[in-house]
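In what follows, a structure is listed as structure tokens, so that the remarks can point back to it.
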Number of protein chains: 2
Amino acid sequence: MRRTRFDDAECPIARVTDLFGEWWTPLVLRDAMYGITKFEDFQHELGVSRAILTARLSRLVDEGYMDKVPYQDRPVRHEYVLTDKGRAMWDVLAVMWRFGEEHLWEDGEQPLVELAFRDTKERVRPVVVDEATGRPVDLAAIRIRSRTRTRR
Amino acid sequence: MRRTRFDDAECPIARVTDLFGEWWTPLVLRDAMYGITKFEDFQHELGVSRAILTARLSRLVDEGYMDKVPYQDRPVRHEYVLTDKGRAMWDVLAVMWRFGEEHLWEDGEQPLVELAFRDTKERVRPVVVDEATGRPVDLAAIRIRSRTRTRR
DNA sequence: CCGAGTCAGTTCTTTTGTTGAACTGACTCC
DNA sequence: GGAGTCAGTTCAACAAAAGAACTGACTCGG
């Protein structure tokens, strides 16, 4: 019995979960965001099994999150670089970061690392708002509806 | 060999992944956000195995995302309701929603469901910005640094 | 008061995934 | 020509998921 797939669900959250719910995948993407590109570097950084890393990178390439580009011949060596689609995942990781630092440390404790803007050196605190209005995306103020109009 | 745990990692993303990376967990949380509270309803809605659902709900309760509250005696029946911590996960789900609808449908296709504000009926498009400044949380403009000051 | 139904699990077997370690192969560099 | 680097593949042991059946404590209708 194969693990249930969610990649053709009607719910966007479920489709993302199909990728993101694979063990190690969010951390591979995270390290890619930090600038890691080589197989060995991912492997050392994460401590993941080489077999799993191969499978995860292959899927990320197949689904357009990363490109596998040769950077030398003899022997052929590749690096894994994020595509625009891959880089768009940063939003998800940033919000996970915020949730984690707010809720997953003991009271009075904080993670040893934080996000900061390069230019102003101010700490970054990611929040989610509506693009057009800037309103917070509060669960109580939102509903899910079926998209019947604007077929476009 | 037990699956590698990330719940004591120094990186906030890794800690969130430890929970979120478990198969079905994001979908259980999603359905809880939509108002589902009973074991049977989760099970029917998701089609998940009962054993897995038991394990996922137990973990969510243990770690403070949900409360298991009795709503009747004889026989004792419980409902699973989100805590504030659980509800705070909505931000993560909302951004996953946005990513999914933008990137995980074929060109010209769109999901059948969308998010809308209850009051204005306008469609919601979640984006991630810095809480204090409203600046977009752009990967290129950000760096990770170790938190040496502001011990607080 | 008997049988059907409901809710919330637990137990079971089969299949799939993950881990860690060893192995392969194509090189380069000294 | 031996050591080192990079990017994998293969393998055995173990963990996790799927699906289905089973348990148990009730309620309710006839």
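In what follows, every chain begins at residue 1, and chains take the letters A, B, ... in the order their sequences are listed. Model, not experiment: these values are computed from the prediction.
- When rounded to the nearest whole Å, the span between CH2 of B:Trp24 and P of C:dG17 equals 14 Å.
- Although no hydrogens or angles enter the test, the distance criterion places a donor-acceptor pair under 3.5 Å between the side chain of B:Arg56 and the main chain of B:Trp23.
- Of the side-chain N and O atoms in A:Thr54, none sit less than 4.0 angstrom from OP1 or OP2 of D:dA7.
- Here the side chain of A:Asp67 pairs no donor or acceptor atom with the backbone of A:Val81 at under 3.5 angstrom.
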> So A:Asp62 and A:Arg59, salt bridge (Lys or Arg N to Asp or Glu O under 4.0 Å) or not? Walk me through it.
Replying inline: CA-CA 5 Å; A:Asp62 286 350; A:Arg59 180 169 181 192; over 6 Å; no
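- Summarising the geometry, the separation between CD1 on B:Ile52 and C1' on C:dA8 is reported as 16 Å, rounded to the nearest angstrom.
- The CZ-C1' distance, from B:Phe6 to C:dT18, rounds to 11 Å in whole Å.
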For residues 98-105 of chain A, which side-chain N or O atoms pair as donor and acceptor with protein atoms under 3.5 Å away, sequence neighbours left out?
residue: A:Arg98; atom: NH1; partner: A:Pro126; partner atom: O; Å: 3.1
residue: A:Arg98; atom: NH1; partner: B:Glu131; partner atom: OE1; Å: 3.2
residue: A:Arg98; atom: NH2; partner: B:Glu131; partner atom: OE1; Å: 3.1
residue: A:Glu101; atom: OE1; partner: A:Trp97; partner atom: NE1; Å: 3.1
residue: A:Glu101; atom: OE1; partner: A:Arg123; partner atom: NH2; Å: 3.3
residue: A:His103; atom: ND1; partner: A:Phe99; partner atom: O; Å: 3.4

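- Between B:Arg5 atom CZ and C:dG20 atom C1' the separation is 18 Å, expressed in whole Å.
- A cation-pi contact, defined as under 6.0 Å to the ring centre and within 45° of the axis, links B:Lys85 to B:Tyr65.
- Going from atom CG of A:Leu57 over to atom C1' of D:dG8 covers 11 Å, rounded to whole Å.
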>> Checking A:Phe42 against A:Trp24 for the ring-ring contact (aromatic ring centres under 6.0 Å, His included) test, could you report, in this order, the C-alpha distance in whole Å, the side-chain angles of both residues, the deciding distance, and whether it holds?
In response: CA-CA 11 Å; A:Phe42 282 109; A:Trp24 294 106; over 10 Å; no
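- Atom CH2 of B:Trp23 is separated from atom C1' of D:dA15 by 16 Å (rounded to the nearest Å).
- Taking atom OH of B:Tyr71 as the reference point, atom P of D:dT27 lies 13 Å away to the nearest angstrom.
- Under the 3.5 Å distance criterion, the side-chain polar atoms of B:Arg147 are matched with a main-chain donor or acceptor of A:Pro111.
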>> Between A:Glu114 and B:Arg143, does the side chain to side chain contact (heavy atoms under 4.5 Å, CB included) criterion hold? Intermediate values first, please.
In response: CA-CA 8 Å; A:Glu114 63 184 15; B:Arg143 66 185 200 88; over 6 Å; no
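- For the OP1/OP2 pair of C:dG9 and a distance below 4.0 Å, the side-chain nitrogens and oxygens of B:Tyr80 include at least one atom meeting the criterion.
- To the nearest angstrom, P of C:dT19 lies 8 Å from CZ of A:Arg56.
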> When you check every protein heavy atom under 4.0 Å of nucleotides 24-29 of chain C, what one-letter string (B, S, -) results, 5' to 3'?
Replying inline: --BSS-
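- Across residues 34-51 of chain A, A:Lys38, A:Phe39, A:Glu40, A:Arg50, A:Ala51 each have a non-hydrogen atom less than 4.0 Å from an atom of DNA chain D (numbered order).
- In this structure, B:Arg135 forms a cation-pi arrangement with A:Phe117, its terminal cationic atom sitting closer than 6.0 Å to the ring centre and no more than 45° off the ring axis.
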